[in-house]
Amino acid sequence: MTANDILQVGLFLAVLLLLVKPVGNYMALVFADAPNRVTRFGGRAERGIYRLCGIRPDEDMGWKRYALAMLLFNVLGLLAVYLLQRVQQWLPLNPQHFAAVSPDSAMNTAISFASNTNWQGYGGESTMSYLTQMLGLAVQNFLSAATGIAVLVAVVRGFARRGAKAIGNFWVDLTRSTLYVLVPLSLLMSLLLVSQGVVQNFKPYVDVPVAQATSYTETVKDAAGHPQKDAAGHEMTRDVPVVTQTLPMGPAASQIAIKHLGTNGGGFFNANSAHPYENPTPFSNFIEMLAIFLIPAGLCYTFGRMVGDRRQGWAILATMLLIFVPLTLGLVAAEQAGNPALHGLAVDAHASALQAGGNMEGKETRFGIASSGLFAAITTAASCGAVNAMHDSLTPLGGLVPMWLMQLGEVVFGGVGSGLYGMLAFAVVAVFIAGLMVGRTPEYLGKKIEAHEMKMASLAVLLPCALVVICTAVAVLLPAGVAGVANPGAHGFSEILYAVSSASNNNGSAFGGLSANTPFWNVLLGLCMFLARFPLAIAMLAMAGSLAAKRHVPESAGTLPTHTPLFVALLACVVIVVGALTFLPALALGPIVESLLSATGH
Amino acid sequence: MSKLLRPSLVLLLVLTAVTGVLYPLAVTGLAQLIFPRQANGSLVEKDGKPVGSALIGQAFTEPKYFWGRPSATAPNAYNAGASSGSNLGPTNPALAEAARQRIVALRRADPGNEAPVPVDLVTASGSGLDPQISPAAAQYQAARVARARGLDMAQVRALVARYTSGRQFGVLGEPRVNVLQLNLALDAMPAGSVPGRDAR
């Protein structure tokens, strides 16, 4: 690793930590029960919306009603995205005249965006009309993120309230997440991105003449699409001249801003944040990375404030960093070390003042190793899934890190809201394990953890694990699953494992070689994304409902303090042990064996 | 359930209007007002007509031009309508074979240059549209371009320096050279005014 690699990682962490408190404080005001200067500012607009929708903002919902509202709202959103894709050919703002999306792909994409996964089986610039991107995809970027924040706030209320029957009002939490948090931050970020060169317009694609004409060879096909053969039986080919380049356009910046802030990750263009119009400069890259962690990190502080003990929030954040930083440095080091397969060739891959060196396959020159490696770790630690380098071409160990960060359950920062409620499930498991060691009923934040809470926490922890392991097995056993694989050997297995891990943890990034836009993959991954998102959220709301009803247990000499370095280490260990025990066997068959083969020159 | 249906539907419509219509329109309006060049694709113009974008690379294969990063877009390199990387895994034999062929092509265009090739010139970029190469990659090609155009090395180096950017704010990203802008500037150099044409 070079000094600059470490400097870039350090600078990112420093800026992030500076922003945690202001952002966390602001969100604590947004979701406070009592009116305050923030909620009064938008009060009139908010009340107007509630009146229009027939919402009584003072209605306090029990966990079942809260969960039902959440589910209903998201299923309606999902159906809207599906319909938009199926009829986009008849709707306006489709200057490239894209046809309707196929039913399986449209279903997959609708679940994908509603579940905050944003897995993409399609290429944005060649499939979706501007209208579909704006009214369908961009809207779900906001609403799925707002749903995550709303559920988290309700779960935290479960810990904070005492002897209460209700955990808040879903409509109010959703509306406030959108209007007070996501929209203002996205506006600011869009303009920063445009200043760096991200496009934002409604123009058709621009044709430009190229400076040097080139040509490519294609096979000649007959009317039925079959290759034509000459008299000798060889496929006939012809040279096609290339004299123009078609530059894609569109309202990209507004969608990219929320794609990062909402840990969505679905790109406007196919190459996602590797595309120069989606991420043009190292500074735009820095903003995009920061935006992924901003709300998940800030929510840790919000959580601390809402439960009345800020140290609890810092302890959770410290746990996340304890897992994140070493894995990130490992990823950057693996990429900087380069690809042994090129060692025998006359290639200069050493880092110097004139080049980044290292493994540059699938990476952009402006990002080099540090900005690409850090991005890859951030996007998979959080359940964002945007990429600025092709993860399929990462070195074996460099690719192991993002895969494992997802498999840890997307709790190291994780998705907005969902990452923290996932981590709180792990915290409940951690105090339970500590309680077993000393033979006491475990407590967390002054609430007794009993059988019901443990069942819900275990469900939340184990559901994604089970989905990954079972669905990977299904995919490698069926010809339709293996058919999509692009790379030979162990790496092909990694592609499948990565895809299922990504969908089952609502991440959305991919080892892009896998051809996943087939009915089999669209259905399998669609199922994974749905089950990983909604049952898990409902389990956490059920836990919140029972916690809210409990009395507060005063701290005693036997209480395990949960703000200390000891608890931080314990919690990190629980997360890592669950992730390692579940996935090491599978990882051994993919990236680990590939790394051993690669090191010995195979 | 039925009591939740109206809030679900109407709130979905209202928030769709806010986040799907008002928000992108507001961003478009502000962007077109404050940053019109960037918002419309950072186009490079010649005689008032766009000839490319400063952010989107183009394919160059002739010795007189600087070559950009290898591009894996289909069906042709630098197809801006279908951005894509190669997605070749690190141990895929096709990856090493592609790199070997690129080294052969570079050396055929520049006989006698036996220096090791900077890694960014033999590996495909993530987007397939990378507008830039490393300064090392520009340095590697400078002598070839100068020879093919009959230019002084000093002139070519000066031009390369003009289209080189350092790390942003001294820290972020990597130093890089914009290939399209550099090549357009080379093409724009008046042929008659070139000293040292027969210096090779």
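The structure displayed is predicted, hence computed values, not measured ones. Note on naming: letters A, B, ... go to the chains in the order of the sequence lines (proteins, then strands), and numbering restarts at 1 for each one.
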Asker: Let me see the working for B:Ser53 and A:Tyr277 under side-chain hydrogen bond (donor to acceptor under 3.5 Å, both in side chains), right down to the final yes or no.
Answerer: CA-CA 10 Å; B:Ser53 162; A:Tyr277 275 165; 3.1 Å; yes

Asker: Below 4.5 Å, heavy-atom pairs only: which of A:Asn141, A:Leu247, A:Leu7 has the largest tally toward chain B?
Answerer: A:Leu247

Asker: Decide yes or no for B:Thr19 and A:Ile258: does some side-chain heavy atom of the first lie under 4.5 Å from some side-chain heavy atom of the second?
Answerer: no

Asker: Measuring heavy-atom distances to chain A, does B:Arg69 have an atom under 4.5 Å in its side chain, in its backbone, in both, or in neither?
Answerer: side chain

Asker: Answer with yes or no whether the side chains of B:Asp130 and A:Thr365 bring together a donor and an acceptor at under 3.5 Å.
Answerer: yes

Asker: Do B:Ile56 and A:His275 come close enough that some side-chain heavy atom pair is under 4.5 Å?
Answerer: yes

Asker: Please output the residues of residues 118-128 of chain B in contact with chain A, using a heavy-atom cutoff of under 4.5 Å, in numerical order.
Answerer: B:Pro118, B:Val119, B:Asp120, B:Val122, B:Thr123, B:Ala124, B:Ser125, B:Gly126, B:Ser127, B:Gly128

Asker: Can you name the closest pair of heavy atoms from A:Asn339 and B:Pro90 and give their distance?
Answerer: ND2-O, 3.0 Å

Asker: Is the backbone of A:Phe283 close enough, under 3.5 Å, to the side chain of B:Gln168 for a donor and an acceptor to pair up by distance?
Answerer: yes

Asker: Answer with side chain, backbone, both or neither: which region of B:Leu184 has an atom nearer than 4.5 Å to a non-hydrogen atom of chain A?
Answerer: side chain

Asker: State whether the side chain of A:Asn270 and the backbone N or O of B:Ser84 hold a donor-acceptor pair below 3.5 Å, judged by distance alone.
Answerer: no

Asker: With a 4.5 angstrom heavy-atom cut-off, could you sort out which part of A:Ile55 is near chain B: side chain, backbone, both or neither?
Answerer: side chain

Asker: At a 4.5 Å cut-off on heavy atoms, which part of A:Lys363 comes close to chain B: side chain, backbone, both, or neither?
Answerer: backbone

Asker: Of the listed residues (A:Val183, A:Thr281, A:Asn388), which shares the most heavy-atom pairs with chain B below a 4.5 Å separation?
Answerer: A:Thr281

Asker: Which bit of A:Ser254 is near chain B, if near means a heavy-atom gap under 4.5 Å: side chain, backbone, both or neither?
Answerer: both

Asker: State, with a plain yes or no, whether a side-chain heavy atom of A:Leu11 is found less than 4.5 Å away from one of B:Leu172.
Answerer: yes

Asker: Go through A:Gln140, A:His491, A:His350, A:Gln8 and name the one with the most non-hydrogen pairs under 4.5 angstrom from chain B.
Answerer: A:Gln8

Asker: At a 4.5 Å cut-off on heavy atoms, which part of A:Leu135 comes close to chain B: side chain, backbone, both, or neither?
Answerer: both

Asker: Set out, in order, the CA-CA distance, both residues' side-chain angles and the distance that settles side-chain hydrogen bond (donor to acceptor under 3.5 Å, both in side chains) for B:Tyr78 and A:Thr214, then state yes or no.
Answerer: CA-CA 11 Å; B:Tyr78 287 93; A:Thr214 55; over 6 Å; no

Asker: Checking B:Gln38 side chain against A:Ser195 main chain: does a donor-acceptor pair fall under 3.5 Å?
Answerer: yes

Asker: Taking A:Asn4 for the side chain and B:Val171 for the main chain, is one N or O donor matched with an acceptor at less than 3.5 Å?
Answerer: yes

Asker: Under a 4.5 Å heavy-atom cut-off, does chain A meet the side chain of B:Tyr65, its backbone, both or neither?
Answerer: side chain

Asker: Which bit of B:Pro70 comes within less than 4.5 Å of chain A, counting heavy atoms only: side chain, backbone, both or neither?
Answerer: neither

Asker: Non-hydrogen atoms of chain A under 4.5 Å away: do they reach the side chain of B:Leu106, the backbone, both or neither?
Answerer: neither

Asker: If you look at every heavy atom in A:Glu361 and B:Ser86, which pair is closest and at what distance?
Answerer: OE2-OG, 2.6 Å

Asker: By a 4.5 Å heavy-atom criterion (distance strictly below it), what part of B:Leu55 contacts chain A: side chain, backbone, both, or neither?
Answerer: both

Asker: Taking every heavy-atom pair that is under 4.5 Å apart, which of A:Gly54, A:Gly368, A:Ala341, A:Ala138 has the most such pairs with chain B?
Answerer: A:Gly54

Asker: Indicate yes or no: at least one non-hydrogen side-chain atom of B:Glu174 is less than 4.5 angstrom from one of A:Pro282.
Answerer: no

Asker: Between B:Leu15 and A:Phe142, is any pair of side-chain heavy atoms under 4.5 Å apart?
Answerer: no

Asker: With chain A as the partner chain, list the residues of residues 107-117 of chain B whose heavy atoms fall under 4.5 Å from it, by residue number, and write 'none' if nothing qualifies.
Answerer: B:Arg107, B:Pro116, B:Val117

Asker: Can you tell which part of B:Leu13 gets under 4.5 Å to a heavy atom of chain A, answering side chain, backbone, both or neither?
Answerer: neither

Asker: Decide yes or no for A:Ile49 and B:Leu11: does some side-chain heavy atom of the first lie under 4.5 Å from some side-chain heavy atom of the second?
Answerer: yes

Asker: Do you know which of A:Ala370, A:Pro280, A:Ser186 has the most heavy-atom pairs with chain B at a distance under 4.5 angstrom?
Answerer: A:Ser186

Asker: Using heavy-atom distances under 4.5 Å, tell me whether B:Gln32 contacts chain A through its side chain, its backbone, both, or neither.
Answerer: side chain

Asker: Would you call B:Phe35 and A:Leu193 a side-chain contact if the rule is heavy atoms closer than 4.5 Å?
Answerer: no

Asker: What part of B:Val14 gets within 4.5 angstrom of chain A, counting heavy atoms only: side chain, backbone, both, or neither?
Answerer: side chain

Asker: Is a side-chain donor or acceptor of B:Gln58 paired with a backbone partner of A:Ala211 at a separation under 3.5 angstrom?
Answerer: yes

Asker: With chain B, which of A:Met134, A:Arg366, A:Met390 has the greatest number of heavy-atom pairs at distances under 4.5 Å?
Answerer: A:Arg366

Asker: Can you find a pair of side-chain heavy atoms, one from A:Phe170 and one from B:Pro7, that are under 4.5 Å apart?
Answerer: no

Asker: Working note: A:Val194 + B:Leu30, criterion side chain to side chain contact (heavy atoms under 4.5 Å, CB included); need CA distance, chi angles, decisive distance, verdict.
Answerer: CA-CA 10 Å; A:Val194 175; B:Leu30 288 170; over 6 Å; no

